[in-house]
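Everything below concerns the one structure shown next.
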2 protein chains.
Amino acid sequence: MSISTASKALNNTGRMGDETRERVKRAAADIGFRPNALAKGLLSNRTFTIGLLTNDTYGRFTLPVMAGITEALVDHGVSVFLCTIEDDPALGKVHVDAMLDKHVDGIIASGKRIDRRLPVDLSNLPVPVIYAFTEGAPGSVTFCADDYQGAALAAEWLQGLGRRRIAHVTGPESFVSVRERAKAYRDLAGDGLPVMYGTWSEAWGHDAVAQLWSVTGAKPDAIFCGNDQIARAVVDALRERGVRVPEDVSVVGFDNWEIVAAQTRPPLTTVDMNLKALGREAGLTVLALAEGRSVEPGIRTLPCELIVRQSCGGSPGR
Amino acid sequence: MSISTASKALNNTGRMGDETRERVKRAAADIGFRPNALAKGLLSNRTFTIGLLTNDTYGRFTLPVMAGITEALVDHGVSVFLCTIEDDPALGKVHVDAMLDKHVDGIIASGKRIDRRLPVDLSNLPVPVIYAFTEGAPGSVTFCADDYQGAALAAEWLQGLGRRRIAHVTGPESFVSVRERAKAYRDLAGDGLPVMYGTWSEAWGHDAVAQLWSVTGAKPDAIFCGNDQIARAVVDALRERGVRVPEDVSVVGFDNWEIVAAQTRPPLTTVDMNLKALGREAGLTVLALAEGRSVEPGIRTLPCELIVRQSCGGSPGR
DNA sequence: TCAACTAGAGAAAAGCTTTTCTCAAAAATT
DNA sequence: AATTTTTGAGAAAAGCTTTTCTCTAGTTGA
């Protein structure tokens, strides 16, 4: 039995007797034969391997993205190198070089905010690069969540519940996401209340509540928070003041970070950016590029989703 | 110029004139030549690639371990496939098969508790397997944190601060880690107070405080918690009751999960399991095995470390 | 001046698959 | 029965490096 015949039998290519083909397959199964992906890759220029580059050390955003990528690609036999670079250009280069040496089929760059680049040059690489939840190079394919739509979802939900004096306590104005969310808030629910910019910390959530409740006059009946950590602190601060959530004030978070949103009392109604779906899209896109299919460049915005828990009142159906 | 001469020049092997060697190197640098790792791997049976298998979807434990592995191995040119399998044996097999096809140099299995196996058979694999923060097969190399020592660290710290009535609020007794920590607590500080087993949730932390403060008589002057989430809830519950932390009661957590420990008010003094160091050791060990060096099998226990913040009083120097 | 070495460079094989080409034998056609 | 066609299988090359072996030309010593 020649090697080439065996190869053809296993790949269902070439022409040969059914009996021979079956015999080869059985024998291969018997000895537990596994084709060497290295040899295959050497020949086909496909390694069924991609690299995921990120500077999100905690994995807050990258892990869901990664889960999506893996979910989409595992069926295609693709494995993922995860490379965490801590805003260190040298480390970034080392990892990218290692990935290129290993002939990854493509690279997905990810991060922790959509208006910052990774500290590494990914232009003119011999493999396709796509960006997910990080700023992409001009002319590249970039996936990100629709902050405006997500914030609108929150604002509309609060209004649908009858809330009229809605405050917005959010992160630093330097973030594009913050500005987008604030814009949606102002367009839909910003009736006179100024947006309160701060930091992404619980401390800021406490502070903000203190500020809101220190002034005389009507208090907000809802607070839309820039992320779940702020929302959690807001809920805690309100409770400490004897303000009931959700009876007196509804609170909405952003991110749907289970670990925070579900542990808050009451659990947070919050906006989910669908990072897993984003990862899936990114994975399928990089695969398409790796296979030579052409993909329209540009920024693809994926819709957010409102996860209804108990911090607003209302129920999933409204 | 022949290919073999070039190869020898670049690898500093063979004998040839210095001038020739330099010329080759310069030319290689000029055209940006990168040796193909696939071809190299085909020949040497080393791919400089390892797989990290885990069922810890949130990455709470796996990400620090991964960071350690990467840190230790990136200098050796090793890249890491991260495969998250959600307690799904079929998915596990798919990932392991994909890794074997790609001829990883080794596999590190990790998880979210040290007394559970991953739902996938890693025995009799053609590559070395080592276990980090998950239960290993008999005769394997396993790394884990020293729960007893870590808990002892906490207990001794509290005693050193003059605390005498120390309570222990922890997770489910079914966890080996819980039992180990409770043992250390009882050996060192369990003067009559029963260990309070519960769940790994903030709700349980609140409950436990309610229980402790509902009985008449002397209250604890310190609470050693089984993880940071419980500790956080304990601190919150105490504050809500008007009990001052750390003046009236000292609280110690476990895990040093920054996201929780640092956001708690006051920030938590807590036990760090040094998962990054654990990852480093695991990485170096799997590399050693891949290189054919022999490694003593058994369970390697790495010491924990106390991270002093403000929930106990005291200062890093005591 | 000739023999024996040595230095430097190239040729070839190995590692594992897939694919294309070739070839022999069997089947079908005239 | 002879020729063409089809079928099944093997040989060889390609993909990229490294390593071992071979060979030529130049050098050294007698």
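Here is the naming used below: chain letters follow the sequence lines, and residue numbers restart at 1 for every chain.
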- Query: With a 4.0 Å cut-off on heavy atoms, is A:Ser44 in touch with a base, just the backbone sugar-phosphate, or nothing at all?
  - Reply: nothing
- Query: Considering residues, nucleotides and ligands other than A:Ile259, do more than 12 of their heavy atoms fall under 6.0 Å from its CD1?
  - Reply: yes
- Message: Of the listed nucleotides (C:dT18, D:dT18, D:dT19), which one gets closest to any side-chain atom of A:Ile3?
- Response: C:dT18
- Message: Rounded to whole Å, how long is the line connecting atom CG of B:Asn12 with atom P of D:dT18?
- Response: 12 Å
- Item | Per A:Leu43 side chain, nearest of listed nucleotides C:dT17, C:dA9, D:dT18 | C:dT17
- Query: If you pin B:Arg21 and A:Thr13 to their nearest nucleotides in DNA chain C, which one's is more 5'?
  - Reply: B:Arg21
- Message: Taking 4.0 Å as the cut-off, does a side-chain nitrogen or oxygen of A:Thr5 come that near to OP1 or OP2 on D:dG8?
- Response: no
- Message: In the structure I gave you, are the side-chain heavy atoms of A:Tyr131 and A:Ile114 within less than 4.5 Å of one another anywhere?
- Response: no
- Message: Around atom CG of A:Asn12, are there more than 12 heavy atoms from other residues, nucleotides or ligands closer than 6.0 Å?
- Response: yes
- When you get a sec, tell me which of C:dG8, C:dG10, C:dG15 is the closest nucleotide to the side chain of B:Arg15? C:dG8
- Message: I want to verify a distance call: between C:dG10, D:dT7, C:dT18, whose nearest atom is closest to the A:Asn11 side chain?
- Response: C:dT18
- Task: Specify the separation, in whole Å, of atom CG of A:Leu38 and atom C1' of D:dT17.
- Result: 13 Å
- With the side chain of A:Asn36 defined as its heavy atoms from C-beta on, choose the nearest nucleotide among C:dA12, C:dT17, C:dA9. C:dT17
- Message: Using whole Å, what does the distance between atom C1' of nucleotide C:dT17 and atom CZ of A:Arg46 come to?
- Response: 16 Å
- For the pair B:Asn55 (side chain) and B:Asp87 (backbone), establish whether a donor and an acceptor sit closer than 3.5 Å, ignoring hydrogens and angles. no
- Message: I want to verify a distance call: between C:dG15, C:dA11, D:dG10, whose nearest atom is closest to the A:Ser2 side chain?
- Response: D:dG10
- Measure from the side chain of A:Ser7, starting at C-beta and using heavy atoms only, and say which of C:dT19, C:dG8, C:dC16 lies closest. C:dT19
- Identify which nucleotide among C:dT17, C:dC16, D:dA11 has an atom closest to any side-chain atom of A:Ser4, counting heavy atoms from C-beta outward. D:dA11
- Message: Distance check needed: D:dT18 P versus B:Met16 CE, whole Å only.
- Response: 12 Å
- Item | Whole-Å gap separating C1' (C:dG8) and CD (B:Glu22) | 16 Å
- Task: State whether the distance check finds a donor on one side and an acceptor on the other, under 3.5 Å, for side chain B:Lys8 versus base C:dG10.
- Result: yes
- Query: In whole angstroms, how far is the P atom of C:dC16 from the CG atom of B:Asp101?
  - Reply: 15 Å
- Between C1' of D:dC16 and CG of B:Leu10, the distance in whole Å: 13 Å
- Gap between atoms CG and C1', on A:Leu42 and D:dA14 respectively (whole Å): 9 Å
- Message: What's the closest nucleotide to the side chain of A:Lys40 if the choices are C:dG10, C:dT18, D:dG10?
- Response: C:dT18
- Query: Under the 3.5 angstrom rule, does the side chain of B:Asn11 hit a backbone N or O of B:Thr13 as a donor-acceptor pair?
  - Reply: no
- Please confirm whether A:Phe81 and B:Phe81 have ring centers closer than 6.0 angstrom. yes
